[in-house]
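Notes for the one structure printed next.
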Amino acid sequence: MNRRLLTRLGGLSLAILLILPSCNVFTVGSARLTLWSMAKHPNHYAVAYPYLWDAVPWMALGFLGLAGSLAVITSRQRTWRWLWCPTVTLIYYFLVPLQPNYGWFFHRIQHPMSTPPIAWAQDVTRRDVLRITGDLTAQAESRGEFVCPSNDLNVPSRFTWGGRTLLYEVQCMDGTLRTPISLPTRPATIVMKVSEDRHEAWFQVTRLKYDTGAAITWVSNYGGQDLVIHKSITEANKPT
């Protein structure tokens, strides 16, 4: 009798301890699922990130761990074998942060590039705008002056609107670097300022502040300041 009681108490103790990481894993998956749902919402901006693919394994393994722990807690007839379920979840919970940059079998909590989705989006946007401004500068050199693009760039950005990928959009204005700019209300918007002689141009690009929402800000450089790219057809091109 005492042996059965000790076995029961041991099983309950382990089940209660193992249910905690299972709850955490399930919560993480649910949070990703919520972000995915918000990203699909009409009239809603979001980072173009595979939130659903992150949510599925975390929710599935979290549910598996919860089911195993609850099976032992709620019934005396079930053996310790049910605890293998939360044990698998526990191993996954501690294994994932130790994965290489691109993971092994499952998506990480963070983006595969080991940064939060919004940080990844800014980094890739920074590279995108450097490439785009390089193309616009090449066109200016062949034309002899900077001219606002008359056609859409047709270049996909790292942001979505109602679940659809936004294309980069160029807004043009005359002036110099000191001319104040009104912050656009759309991410993936490139503001292009052209000098009076049209031999110089300055570029800035917008992004989301958070994974989802309507808060917009400028893409920053690696030092934290707003990224301003200066291009000239009369001297060496360099970002400032």
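Values in this document were obtained by computation on a predicted structure and should not be read as measured data. Quick note: numbers below take in every heavy atom, side chains included, and nothing from hydrogens, waters or symmetry partners. Counting from 1, the numbers follow the sequence of the chain as shown.
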Report the distance from atom [atom1] of [X] to atom [atom2] of [Y], rounding to the nearest 0.5 Å.
X: L90; Y: S22; atom1: CG; atom2: OG; answer: 7.5 Å
X: Q122; Y: D128; atom1: CD; atom2: CG; answer: 12.5 Å
X: L52; Y: L35; atom1: CG; atom2: CG; answer: 11.5 Å
X: R207; Y: T125; atom1: CZ; atom2: OG1; answer: 9.0 Å
X: Y51; Y: M38; atom1: OH; atom2: CE; answer: 9.5 Å
X: H230; Y: T133; atom1: NE2; atom2: OG1; answer: 11.5 Å

To check you understand the geometry: which heavy-atom pair defines the closest contact between [X] and [Y], and what is its length?
X: G29; Y: W58; answer: CA-CB, 3.6 Å
X: G68; Y: P86; answer: CA-CD, 3.9 Å
X: A55; Y: R32; answer: CB-CB, 3.7 Å
X: L208; Y: G213; answer: CD2-O, 3.6 Å

I'd like to check the ring-ring contact (aromatic ring centres under 6.0 Å, His included) partners of W36; sequence neighbours left out, ordered by chain and number.
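Counting only residues at least two positions away or on another chain, W36 forms no ring-ring contact (aromatic ring centres under 6.0 Å, His included).
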
Partners meeting ring-ring contact (aromatic ring centres under 6.0 Å, His included) with F159 (sequence neighbours left out):
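Here no residue qualifies.
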
Sub-4.5 Å side-chain heavy-atom contact between [X] and [Y]:
X: T89; Y: P21; value: no
X: M192; Y: P149; value: yes
X: L167; Y: L153; value: no
X: P117; Y: Y210; value: no
X: T212; Y: V47; value: no
X: I132; Y: F203; value: no
X: D197; Y: F146; value: no

Answer yes if M59 and L70 sit in the same cluster of Ile, Leu, Val, Met, Phe, Trp and Tyr residues linked by side chain heavy atoms under 4.5 Å apart, and no otherwise.
yes

Consider only side-chain heavy atoms of I, L, V, M, F, W and Y, link residues closer than 4.5 Å, and tell whether V147 and L136 are in one cluster.
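Looking at the clustering, L136 is in a separate group from V147.
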
Pair Q204, V219 - check side chain to side chain contact (heavy atoms under 4.5 Å, CB included), show working.
CA-CA 7 Å; Q204 286 183 265; V219 167; over 6 Å; no

Y49 versus D211, side-chain donor and acceptor atoms under 3.5 Å:
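Per modelled atom types, D211 and Y49 side chains form no pair under 3.5 Å.
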
What I want to find out is whether D135 reaches R131 closely enough, with some N-O distance under 4.0 Å, to be called a salt bridge.
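No.
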
Taking the six-membered ring for Trp, are F63 and F26 parallel (under 30°), tilted (30 to 60°) or perpendicular (over 60°)?
tilted

Apply side chain to side chain contact (heavy atoms under 4.5 Å, CB included) to residues L166 and R186 and explain how you reach the verdict.
CA-CA 9 Å; L166 287 173; R186 174 189 184 275; 3.8 Å; yes

Y168 and V129: CA distance, side-chain angles, deciding distance, side chain to side chain contact (heavy atoms under 4.5 Å, CB included) verdict
CA-CA 9 Å; Y168 283 103; V129 76; 5.7 Å; no

Any chance you could lay out the side chain to side chain contact (heavy atoms under 4.5 Å, CB included) test for N43 and W161, step after step, and finish with the verdict?
CA-CA 6 Å; N43 304 325; W161 169 258; 3.4 Å; yes

Among I190, V191, L183, which one satisfies side chain to side chain contact (heavy atoms under 4.5 Å, CB included) with T206?
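That would be L183.
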
Check whether any side-chain N or O of S142 sits under 3.5 Å from a backbone N or O of Q139 as a donor-acceptor pair, and report yes or no.
yes

Between T34 and S30 (side chain of the first, backbone of the second, donor and acceptor by atom type, cut-off under 3.5 Å), is there such a pair?
yes

